[in-house]
Amino acid sequence: MTKEKLLLLDGNSLAYRAFFALPLLTNDQGVHTNATYGFTMMLDRMLNEVKPTKVLVAFDAGKTTFRHETFKEYKGGRQKTPPELSEQFTYIRALIDAYHIKRYELPNYEADDIIGTLAREATTQGMDVIVVSGDKDLTQLVNDYVTVNITRKGITEVDVYTPAFVEEKYGLTPKQIIDMKGLMGDSSDNIPGVPGVGEKTAIKLLKEFTTVENLYENIDTMKPSKMKEKLIANETQAYMSKQLATIHLEAPLTIALDDLTYQGADEEALVQFYQEMNFKTLLDKMEVEEVSTVDEDFTVETVTDLTKQHLKAHMALHVELANEHYHTCDILGIGLANGEKIYYIPFDVARQSDDFKEWLASETVNKYVSDSKAALASLSRFGFTVKGVDFDLLLAAYIDNPARNGEDVAPLVKDYGYMNIESNEAVYGKGAKWKLPTEEALALHIGRKAHSIYTIKNKVEEALKNKEQFTLYKDLELPLALILGRMEVQGICVERKTLEAMGEQLQTKLAIIEEEIYTLAGEKFNINSPKQLGVILFDKLDLTVIKKTKTGYSTAADVLEKLKDEHEIIVHILQYRQLRKLQSTYIEGLLKEIHEDQKVHTRFQQALTATGRLSSTDPNLQNIPIRLEEGRKIRQAFVPSQPDWVLFAADYSQIELRVLAHMSNDKNLVEAFKEGMDIHTRTAMDVFHVAAEEVDSNMRRAAKAVNFGIVYGISDYGLSQNLDITRKEADTFIKKYFEVFPGVKTYMEESVAIAKKQGYVTTLLNRRRYLPDLNSSNFNVRSFAERTAMNTPIQGSAADIIKKAMIDMNARLEQEQLQARLLLQVHDELIFEAPKEEIAILEKIVPEVMERTIALHVPLKVDYSSGLTWYDAK
DNA sequence: TTGTTCACG
DNA sequence: ACGTACGTGAACAAC
């Protein structure tokens, strides 16, 4: 049998060391992790190096110990443990548990005493003992069988104390370390020692007298000196100090050496722990081992004839797509898994299976998917209908933490500890290097995805249930995915010829302006290049530099606006920029996106934004121009898909401010909305103390800007920029606003305070956003996080509301058996198309459903209109 | 790929 | 003293 090795770690001391040695790291959920990380590194290293047969981590039990009976002030005057550290002990304990390592604490005793007692017992049984601590006190335990490792500056660097090392370092035996402490004391433990005696003197004395006892017995032999007087005066204190510094080797432990046997870690629990902590390096180290071990018994069956025997009632379904453009791209294959079987189905095989078609369309057959919207949209192009989606990994993971990005299955399941899977990039390559792998590799990749989704479902759902987010996911996001999918597949008609005609007009105008600019500049240059434009404006024409960017002069619109009076060229540049934007993004860009059916089919990203909003891509239909008339005309190209149909648009009025009124419950703001008056005018009246009819356009404009600022998490600087006033004036506005709406002020402060405490903010429907940056030591980073803490509950709750309205609206349309259908969502508005005969009923039910979807302390208000084009539905 | 600008809510 | 309003996507230039 190999020799037994006992590894003993001083938990508290190592955690402290790690905490102060490493910068204050956090994971994505805002939990501090530096001490945990340092501790993990140390533990990992020791286990690998020592390869112990028994391990224990000892902790201090509480504030008072038997030493306090001797000396009340023992360890007195210590700084309180920083909260950033104390919160980490929970995780350190969890880590130790994941390793299946025993941890132990004993009331009235310190970790030192536990370690000392066990070390003594182990040596009597002939074991080797390795102690790890950040505290040199432990070195008194050193002997031929006990080695003590003390951390040095970093965290994984240690000094190895053997009897020889102690001798070399102090010229003393390990036992004499206690005597040394008795004489010199220890300021960190508040052990007094003999005043005036430091390390040097203590060592000198002990070399002569060996022990404290012997020193006092022979004190008469010392020559008279100040030192001698001090020693004599402090004799009892010296004995007491020695006693305090002595590690108790007979602590009444309730565990035995046999309980400490180490048989290796719970790998799965460790992976999960590293995931939670965001310990990338440690995780990567594990993955290599994991994949190679689990890989072997993983078989994916390639199906050549897909029939009922393959299709079960609860299965993971994965539709593998060639890229993210699921409205146009190829389907590379289908994966199915049910915990027993894993199938890869070439898409050509799937297409020919009527059983598969029926299985997909069955409401009662539960499918577990990741990105169900992409699956149902892509399959719909081949005549498949998908129903019965019971789980969507992408959405669930997004609700769990919206900071996640990307739809690849591998990183998602890895976040929940499932490792036997490869990333898309690893299988296909990236960008220009993208290529199909062999069918074998493809089958494995698709099979793995399906299997991982099946495997991870319960764990993910459990996580959401524990955070009370399951309802948000299951009753809001999951049904919404279906609705969004239908909207995307339905598409909205865009008239090519209308856009083309606008494009030609624009081109003519642009050519004229372009010439004008070249004439005024005295040369040709690329007006679209901020760099070249900067040279013309600020070097050649010598205009005032208002703002600089990282790379040079800023030529942004707000800057140019201020330079209007300095040179005639400015207005032309502004005009050029505006028209050029329309031409490239909205005319040319949109034309490229029109499909054969004359429609554009956007993709609504449902698992992307940090706040819970949707976003829209290819094309982005959430930023079609409206503010300026020239741009607004683009909307004339958006038309209904059938003759005698019209577009119907309904938008929430001031939804974010209403949400703010609700969440803050500010008396005045709630009152304002109940009155039903224009909110910006009403704000102006209150802030400027004037009557309604005295509010001029400037006052209203200022009030509006303040209202916006409030929603964004106001700062005087931001407001000053927006209103082009001084910071001081902006500050005065804000102060006045908060005087009038004190409840809003309190609410904002509380939002930040709560977020700091719990690490995240929440919305009306319990959506979360984690804000680790709230504890940043960088002013800018921290301020940003604070504004986010104020804005996200507002923006996110508004997003919750309209999402719920979409679900309610969809149900209502079905219930009323209307042909009307939802086409677009633009954050606070819904756009439908409907036969014109249905408009009267839509005018009744759409506002009704939208306004009633969630009851707030203030009414929700919906405005609506309809027309033959999107432009006319205003 | 990164930075700047500008379209929307 | 610090220097940004919150949330997005697309086009373009310049590395």
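Order of the sequence lines fixes the chain letters, A, B, ..., with proteins taken first and strands second; residue numbering starts at 1 for each chain. These numbers come from the heavy atoms of this one structure, side chains and all, not from hydrogens, waters or symmetry mates.
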**Q** Can you find a side chain N or O atom of A/Arg580 that sits less than 4.0 Å from OP1 or OP2 on B/dT5?
**A**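 Result: no.
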**Q** For a quick check of understanding: with a heavy-atom distance under 4.0 Å over all strands, which category does A/Ala789 fall into, base, sugar-phosphate or nothing?
**A**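 Contact class for A/Ala789: none.
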**Q** Is the distance from OP1 or OP2 of C/dT4 to the nearest side-chain N or O of A/Ser715 less than 4.0 Å?
**A**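 Negative; the distance criterion is not met.
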**Q** Counting only side-chain heavy atoms from C-beta out, which of C/dA13, B/dT5, C/dA5 sits nearest to A/Ser529?
**A**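 Looking only at heavy atoms from C-beta outward on A/Ser529, the closest nucleotide is C/dA13.
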**Q** Take the protein atom CD1 of A/Ile794 and the nucleotide atom P of B/dG9, then report the distance between them rounded to whole Å.
**A**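 Computing the A/Ile794:CD1 to B/dG9:P distance gives 18 Å.
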**Q** What nucleotide among C/dA5, C/dT8, C/dA13 has an atom nearest to a side-chain atom of A/Ala610?
**A**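 Output: C/dT8.
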**Q** Between C/dA5, C/dC12, B/dT1, spot the one nearest the side chain of A/Phe708, thanks.
**A**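 Shortest atom-to-atom distance from the side chain points to C/dA5.
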**Q** When we call it a touch if two heavy atoms are under 4.0 Å apart, what does A/Asp618 touch: a base, just sugar-phosphate, or nothing?
**A**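 If one applies the 4.0 Å heavy-atom cut-off, A/Asp618 turns out to touch the sugar-phosphate alone, with no base involved.
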**Q** Calculate the interatomic distance between A/Tyr717 atom OH and C/dT4 atom P; express it in whole Å.
**A**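 It works out to 6 Å between those atoms.
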**Q** Looking at A/Lys633 and A/Glu630, is any side-chain nitrogen of the basic one under 4.0 Å from a carboxylate oxygen of the acidic one?
**A**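 Salt bridge absent between A/Glu630 and A/Lys633.
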**Q** Please confirm whether the shortest side-chain N or O distance from A/Thr551 to OP1 or OP2 of B/dT4 is below 4.0 Å.
**A**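 So the side chain of A/Thr551 is within the cut-off, an N or O lying under 4.0 Å from OP1 or OP2 of B/dT4.
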**Q** When the P atoms of C/dG3 and B/dC6 are considered, how many whole Å apart are they?
**A**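 Going atom to atom, P in each nucleotide, I get 24 Å.
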**Q** Under 4.0 Å, counting only non-hydrogen atoms across every strand here, what does A/Ser783 touch: a base, just sugar-phosphate, or nothing?
**A**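 The answer is nothing, as A/Ser783 stays clear of every strand by at least 4.0 Å.
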**Q** Is A/Lys804 paired with A/Asp808 through a side-chain N to carboxylate O contact shorter than 4.0 Å?
**A**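 Salt bridge present between A/Asp808 and A/Lys804.
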**Q** Is any side-chain N or O of A/Asn526 closer than 4.0 Å to OP1 or OP2 of C/dA13?
**A**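 True: A/Asn526 side-chain N/O within range (under 4.0 Å) of C/dA13 OP1/OP2.
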**Q** Answer yes when A/Lys735 and A/Glu729 have at least one side-chain N-carboxylate O distance shorter than 4.0 Å, and no when they do not.
**A**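 No salt bridge links A/Lys735 with A/Glu729.
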**Q** Compare side-chain N and O positions of A/Thr792 against OP1 and OP2 of C/dC6 and report whether any pair is under 4.0 Å apart.
**A**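 So the side-chain polar atoms of A/Thr792 never come under 4.0 Å of the phosphate oxygens OP1 or OP2 of C/dC6.
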**Q** Quickly work out the A/Gln721 CD to C/dT4 C1' distance and round it to whole Å.
**A**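 Checked: the CD to C1' distance equals 8 Å.
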**Q** Looking only at side-chain atoms of A/Thr585, point me to the closest of C/dG9, C/dG7, C/dA11.
**A**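 Ranking C/dG9, C/dG7, C/dA11 by closest atom to the A/Thr585 side chain puts C/dA11 first.
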**Q** Quick check on B/dG3: is either OP1 or OP2 less than 4.0 Å from any side-chain nitrogen or oxygen of A/Lys550?
**A**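 Affirmative; the distance criterion is met.
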**Q** Should C/dC2 form a Watson-Crick or G-U wobble pair with both distances under 3.5 Å, which nucleotide is its partner?
**A**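 Answer to the pairing question: none, since C/dC2 forms no Watson-Crick or G-U pair.
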**Q** How far does the C1' atom of B/dA7 sit from the matching atom of C/dC2, given to the nearest Å?
**A**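 It comes out at 31 Å once rounded to the nearest Å.
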**Q** A/Ile546 CD1 to C/dG3 P: how many Å, rounded?
**A**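 Whole-Å distance recorded here is 20 Å.
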**Q** Would you say A/Tyr326 and A/Lys373 are linked by a side-chain donor-acceptor pair, where the criterion is simply a distance under 3.5 Å?
**A**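 Yes, because at least one side-chain N or O of A/Lys373 sits under 3.5 Å from a partner of the opposite role on A/Tyr326.
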**Q** Salt bridge between A/Lys756 and A/Glu786, side-chain N to carboxylate O under 4.0 Å?
**A**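 Yes, A/Lys756 and A/Glu786 are salt-bridged.
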**Q** Check every atom of B/dT5, B/dC8, C/dA11 against the side chain of A/Arg577 and return the nucleotide holding the closest atom.
**A**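 Between B/dT5, B/dC8, C/dA11, the one nearest the side chain of A/Arg577 would be B/dT5.
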**Q** Tell me the interatomic distance from A/Glu656, atom CD, to C/dA5, atom P, rounded to whole angstroms.
**A**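 Taking atom P of C/dA5 as the reference, CD of A/Glu656 is at 17 Å.
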**Q** Within the 4.0 Å heavy-atom criterion, would you say A/Lys547 contacts the bases, only the backbone, or no part of the nucleic acid?
**A**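 Nothing, no nucleic acid heavy atom in range.
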**Q** Which listed nucleotide (C/dC6, B/dC8, B/dT5) is nearest to the side chain of A/Gln795?
**A**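 When the side chain of A/Gln795 is considered, C/dC6 is the closest of C/dC6, B/dC8, B/dT5.
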**Q** Does the aromatic ring of A/Tyr712 sit over the six-membered base ring of C/dC6, closer than 5.5 Å centre to centre and tilted less than 30°?
**A**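 Per 5.5 Å and 30° rule: yes, stacked.
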**Q** Taking any heavy-atom pair under 4.0 Å as a contact, classify A/Ile626: base, sugar-phosphate, or nothing.
**A**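 A/Ile626: backbone/sugar contact only, no base atoms under 4.0 Å.
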**Q** Is any side-chain N or O of A/Arg613 closer than 4.0 Å to OP1 or OP2 of B/dG9?
**A**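 The answer is no; no side-chain N or O of A/Arg613 sits under 4.0 Å from OP1 or OP2.
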**Q** Identify the nucleotide, in any strand shown, that forms a Watson-Crick or G-U wobble pair with C/dC12, with both distances under 3.5 Å; if there is none, say none.
**A**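 Across any shown strand, C/dC12 pairs with B/dG3.
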**Q** Under the ring-ring contact (aromatic ring centres under 6.0 Å, His included) test, which residues partner A/Tyr737, sequence neighbours left out?
**A**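 In terms of ring-ring contact (aromatic ring centres under 6.0 Å, His included), with neighbours along the sequence ignored, A/Tyr737 is linked to A/Phe741.
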**Q** How many Å lie between CG on A/Asn780 and P on C/dG3, as a whole number?
**A**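 Distance, rounded to whole Å: 5 Å.
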**Q** Under 4.0 Å from OP1 or OP2 of C/dG7: is there any side-chain N or O of A/Thr611 that close?
**A**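 Indeed not, no polar side-chain atom of A/Thr611 lies that close.
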**Q** Whole-Å distance between B/dA7 C1' and A/Leu579 CG?
**A**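 In whole Å, B/dA7 C1' and A/Leu579 CG are 14 Å from each other.
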**Q** Distance check needed: C/dA13 P versus A/Lys531 NZ, whole Å only.
**A**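 Nearest whole value for this atom pair: 13 Å.
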**Q** Looking at A/Arg769, does any N or O in its side chain come under 4.0 Å of the phosphate oxygens OP1/OP2 on C/dG7?
**A**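 It does, given that an N or O in the side chain of A/Arg769 lies less than 4.0 Å from OP1 or OP2 of C/dG7.
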**Q** Using only side-chain N and O atoms of A/Gln532, determine if any of them is under 4.0 Å from OP1 or OP2 of C/dA14.
**A**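 Checking A/Gln532 against C/dA14: at least one side-chain N or O falls below 4.0 Å of OP1 or OP2.
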**Q** Report which part of the nucleic acid A/Val711 touches: base, sugar-phosphate, or nothing (heavy-atom distance under 4.0 Å, all strands).
**A**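 Contact class for A/Val711: none.
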**Q** For A/Gly589, answer base if it contacts any base atom (sugar-phosphate contacts may also be present), sugar-phosphate if it contacts only those atoms, and nothing otherwise; contact means non-hydrogen atoms under 4.0 Å.
**A**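 Result for A/Gly589 = sugar-phosphate.
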**Q** Identify which nucleotide among C/dA5, B/dT1, C/dT8 has an atom closest to any side-chain atom of A/Ile714, counting heavy atoms from C-beta outward.
**A**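 Of the options given, the side chain of A/Ile714 lies nearest C/dA5.
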**Q** Just N and O in the side chain of A/Arg787: are any of them under 4.0 Å from OP1 or OP2 of C/dC6?
**A**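 Yes, within the criterion.
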**Q** Can you tell me which nucleotide in C/dC12, C/dA10, C/dA5 comes closest to the side chain of A/Asn722?
**A**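 Shortest atom-to-atom distance from the side chain points to C/dA5.
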**Q** A/Arg627 side chain N/O closer than 4.0 Å to the phosphate oxygens (OP1, OP2) of B/dA7?
**A**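 Indeed not, no polar side-chain atom of A/Arg627 lies that close.
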**Q** Any chance you could lay out the side-chain hydrogen bond (donor to acceptor under 3.5 Å, both in side chains) test for A/Gln583 and A/Gln507, step after step, and finish with the verdict?
**A** CA-CA 8 Å; A/Gln583 181 77 303; A/Gln507 204 48 56; 2.6 Å; yes
**Q** I'd like to know if the side chain of A/Asn620 pairs up with that of A/Thr617 as donor and acceptor (distance under 3.5 Å, no hydrogens or angles considered).
**A**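 No pair is found: no donor N or O on one side chain lies under 3.5 Å from an acceptor on the other.
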**Q** If you assign A/His827 and A/Arg727 each to the DNA chain C nucleotide with the nearest heavy atom, which residue ends up on the more 5' nucleotide?
**A**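 On the 5' side of the pair lies A/Arg727.
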